[in-house]
Amino acid sequence: MAASRVPLPLYTFCLSPSTTVAAEPQFLDKLCPVDPPSTKDHSVDHQLTTTLHSDLSSALFSGLSTNPTALTNGFYSFTARRPTRDASYGLFLCRGDLSPADCSDCIVFATKDVATRCPGSKQVIIWYDECMLRYSNVSIFGTLDVSYHSGSTNGAILIEDLDFPSVSRGASNGDSSKKFATKENFSMIRKLYSLAQCTPDLSASNCSNCLSQCTDNLFSNYGGYSYAMYRFPSCNAGFATSPFYSTSTASPHSSPPVLPPRSPPPVLPPHSPPPVLPLPHPPTSNPVWTEITSVKSLQYDLGVIQAATNNLSDENKIGGDGFGPLYKV
C-alpha cells in the first residue's frame with residue numbers, strides 16, 4: 001500500500017448493523033485506486049488486473065479446502081504465483097463472532113463483488129459489516145497498515161463510560177489465530193457495547209498500536225453517535241448502544257456481577273434493662289440471704305437489694321461500669 005494516508009468518505013447508514021449474516025453481506029466501503037496504465041493498451045491492463053483477481057480467488061479457495069480452521073478463526077492469508085508473473089497477495093478477516101458458515105458466505109460473496117466494484121485495481125480493500133477482503137500486488141502480511149481509513153456511523157447521542165483500553169488489550173493479547181475482543185459497559189444511563197479486532201498476523205505490539213490510533217480517531221471523529229465503527233486495513237474498532245455482534249462471544253467480565261440478595265436488617269428486641277447477675281452465695285444462717293435465694297427470678301426486689309447493701313450505702317460501693325455503680329454485700 002502507498003505510504004501516504006488517503007482519507008475515505010464517511011458513510012452513514014439508517015439501519016444498525018445486524019448480528020447475523022443475511023443472504024447478501026452489508027457493504028460498507030471500498031478502497032480500490034486505479035493504477036496508472038502499465039501499457040498503452042488499456043484492455044491489456046484490465047486483463048492483467050482481472051487475472052490477478054482470478055488468481056487470488058483461486059488461491060483463496062484452494063487454500064481453504066486444505067485449511068478448514070481458517071474459517072473457524074475467521075482469517076486467512078494466501079499467495080498466488082505464476083511462472084510468468086509477479087506474486088500477488090490476499091487475505092480475509094471475518095468479524096470475530098461469526099460462525100464458520102457465515103464467514104464463508106461473506107468471503108464467497110466478496111470475491112465476486114470485488115470484481116464488479118474494483119475492476120481495474122491491483123490493490124483492493126473491500127469492507128462489509130461481516131468481513132473484509134484484501135488483494136495486493138505487494139506483500140501485505142504481518143505489516144501494520146494505517147494508511148487508509150473508513151468510518152460508519154448512525155444516530156447522534158452522547159456516549160460515556162466506555163472502557164476501550166481493556167477491550168483493545170483483549171484483542172492485542174489474542175493469539176496468532178484470532179485477535180478479537182468485545183465488552184459490555186454499564187452506566188447510569190444505558191448499556192454500551194464495544195468491539196476491537198486486528199488481523200491475527202500482527203504482533204501484539206503492532207495490534208495495540210493500531211487499535212490505539214483507531215480508537216483515538218473513533219472518539220475524536222464519531223464519539224457522539226449511538227453506533228460508530230472506524231477501520232484501518234490492519235484493525236477496526238467500534239461501539240454502539242445496542243448489540244452489533246453476537247453477545248455470546250463477549251468476555252466473562254462484560255456482564256455486571258450477580259450480587260447475592262440483600263438480607264433484611266436484623267430486628268432488634270425492644271430496649272430492656274441490663275440483666276442483673278445473681279449475688280454471691282451467702283451463708284444460709286443470714287435471713288436476708290435466705291430471702292434472696294428463694295427468689296426464682298434473676299431480678300431482685302428493691303427492698304432485698306437495699307437490705308443487702310445497707311440501703312445502697314456509699315460504704316458498700318466498690319466501683320462502677322457502664323451499667324451503674326457496684327456494691328458489696
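Numbers here simply count residues along the sequence, with the first being 1. We use all heavy atoms of the structure for the numbers below, so side chains are in, but hydrogens, waters and symmetry mates are not.
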Trainee: Please confirm whether the backbone N or O of G96 pairs with a side-chain atom of K178, one donor and one acceptor, at under 3.5 Å?
Mentor: yes
Trainee: Would you check if D55 and S58 make a side-chain contact, meaning some heavy-atom pair closer than 4.5 Å?
Mentor: no
Trainee: For V124 and K30: C-alpha separation, side-chain torsions, deciding distance, then whether side-chain contact (heavy atoms from CB on, under 4.5 Å) applies.
Mentor: CA-CA 8 Å; V124 172; K30 63 184 174 67; over 6 Å; no
Trainee: Taking the two cysteines C235 and C210, decide whether their SG atoms are closer than 2.5 angstrom.
Mentor: yes
Trainee: Got N236 and L93 here, is their nearest side-chain heavy-atom distance under 4.5 Å?
Mentor: yes
Trainee: Are D145 and R134 ion-paired here, with the side-chain N under 4.0 Å from a carboxylate O?
Mentor: yes
Trainee: Check whether the side chains of N209 and Q213 place a donor and an acceptor atom closer than 3.5 Å, and report yes or no.
Mentor: yes
Trainee: For the CG atom of L60 and the OG atom of S65, what is their distance to the nearest 0.5 Å?
Mentor: 10.0 Å
Trainee: Within the distance-only criterion (no hydrogens, no angle test), does the side chain of S220 pair as donor or acceptor with the backbone N or O of D216 below 3.5 angstrom?
Mentor: yes
Trainee: Between D86 and N137, does a side-chain contact (heavy atoms from CB on, under 4.5 Å) hold up when you go through it step by step?
Mentor: CA-CA 8 Å; D86 294 334; N137 60 341; over 6 Å; no
Trainee: Fit a plane to each ring of Y76 and F92, take the angle between them on a 0 to 90° scale, and name the class: parallel (under 30°), tilted (30 to 60°) or perpendicular (over 60°).
Mentor: tilted
Trainee: Identify the two heavy atoms, one from I126 and one from Y128, that lie closest to each other, and give their separation to 0.1 Å.
Mentor: CD1-OH, 3.0 Å
Trainee: What heavy-atom pair brings T199 and P233 nearest, and what distance separates the two atoms?
Mentor: CG2-O, 4.0 Å
Trainee: Please give me the minimum heavy-atom distance between C103 and G74, naming the atom from each residue.
Mentor: SG-CA, 4.1 Å
Trainee: Mind checking whether L202 and L211 sit in one hydrophobic cluster, side chains of I, L, V, M, F, W, Y counted as touching below 4.5 Å?
Mentor: no
Trainee: Closer than 3.5 angstrom, by distance alone: can the side chain of T215 be matched with the main-chain N or O of L218 as a donor-acceptor pair?
Mentor: no
Trainee: Would you say the side chain of Y135 lies within less than 4.5 Å of the side chain of Y89, judging by non-hydrogen atoms?
Mentor: no
Trainee: May I ask you to decide if R169's main-chain N or O and N173's side chain share a donor-acceptor pair within less than 3.5 Å?
Mentor: yes
Trainee: Who are the salt bridge (Lys or Arg N to Asp or Glu O under 4.0 Å) partners of R117, not counting sequence neighbours?
Mentor: D113
Trainee: Report the distance from atom OG of S150 to atom CG of L31, rounding to the nearest 0.5 Å.
Mentor: 9.0 Å
Trainee: Taking all atoms of both residues into account, what is the closest heavy-atom pair of S242 and Y193, and its distance?
Mentor: C-CD1, 3.5 Å
Trainee: Could you check whether any side-chain N or O of H53 sits under 3.5 Å from a backbone N or O of S121, counting only pairs where one atom can act as donor and the other as acceptor?
Mentor: yes
Trainee: Supply the atom-to-atom distance I107 CD1 to F109 CZ, rounded to the nearest 0.5 angstrom.
Mentor: 11.5 Å
Trainee: Please tell me whether C131 and C94 are bridged, where bridged means their SG atoms are separated by under 2.5 Å.
Mentor: no
Trainee: Can you list the steps and then say if L195 with F239 is a side-chain contact (heavy atoms from CB on, under 4.5 Å)?
Mentor: CA-CA 6 Å; L195 173 153; F239 61 80; over 6 Å; no
Trainee: Contact between Y227 and F244 at the side-chain level, heavy atoms closer than 4.5 Å - yes or no?
Mentor: yes
Trainee: With no hydrogens and no angle check, is any side-chain donor or acceptor of T143 less than 3.5 Å from a backbone partner on F141?
Mentor: yes
Trainee: Of all heavy-atom pairs between N185 and S194, which one has the smallest distance, and what is that distance?
Mentor: OD1-OG, 3.8 Å
Trainee: Take K183 and S166 through the side chain to side chain donor-acceptor pair (under 3.5 Å) test and state the conclusion after the steps.
Mentor: CA-CA 8 Å; K183 185 169 184 178; S166 66; 3.1 Å; yes
Trainee: Indicate yes or no: does R95 engage D129 in a salt bridge with an N to O separation below 4.0 Å.
Mentor: yes
Trainee: Tell me whether S77 contacts the main-chain N or O of D201 through its side chain, where contact means a donor paired with an acceptor under 3.5 Å.
Mentor: no
Trainee: Enter the distance from L71:CG to F75:CZ here, rounded to the nearest 0.5 Å.
Mentor: 12.5 Å
Trainee: Under a plain distance cut-off of 3.5 Å, with no hydrogens placed, do K179 and S172 share a side-chain donor-acceptor pair?
Mentor: no
Trainee: Report yes if some heavy atom in the side chain of F27 is under 4.5 Å from a heavy atom in the side chain of P25; otherwise report no.
Mentor: no
Trainee: Below 4.5 Å, heavy atoms only, C-beta onward: do P200 and N73 meet side chain to side chain?
Mentor: no
Trainee: If you measure from OG on S234 to CD1 on I140, what distance do you get to the nearest 0.5 Å?
Mentor: 9.0 Å
Trainee: So, for F232 and Y148, which heavy atoms are closest and what is the spacing to 0.1 Å?
Mentor: CD2-O, 3.1 Å
Trainee: List the steps, then state whether side-chain contact (heavy atoms from CB on, under 4.5 Å) holds for L28 with R231.
Mentor: CA-CA 10 Å; L28 298 178; R231 291 173 288 272; 3.4 Å; yes
Trainee: At what distance, to the nearest 0.5 angstrom, does OG of S136 lie from CG of L91?
Mentor: 9.5 Å
Trainee: For G63, is there any backbone N or O sitting under 3.5 Å from a side-chain donor or acceptor partner on N67?
Mentor: yes
Trainee: Taking the side chain as every heavy atom from C-beta outward, state whether T182 and D97 have any atom pair closer than 4.5 Å.
Mentor: no
Trainee: Give the ring-plane orientation class for Y222 versus Y230, where under 30° counts as parallel, over 60° as perpendicular and anything between as tilted.
Mentor: tilted
Trainee: Are M132 and I125 close enough that some pair of their side-chain heavy atoms sits under 4.5 Å apart?
Mentor: yes
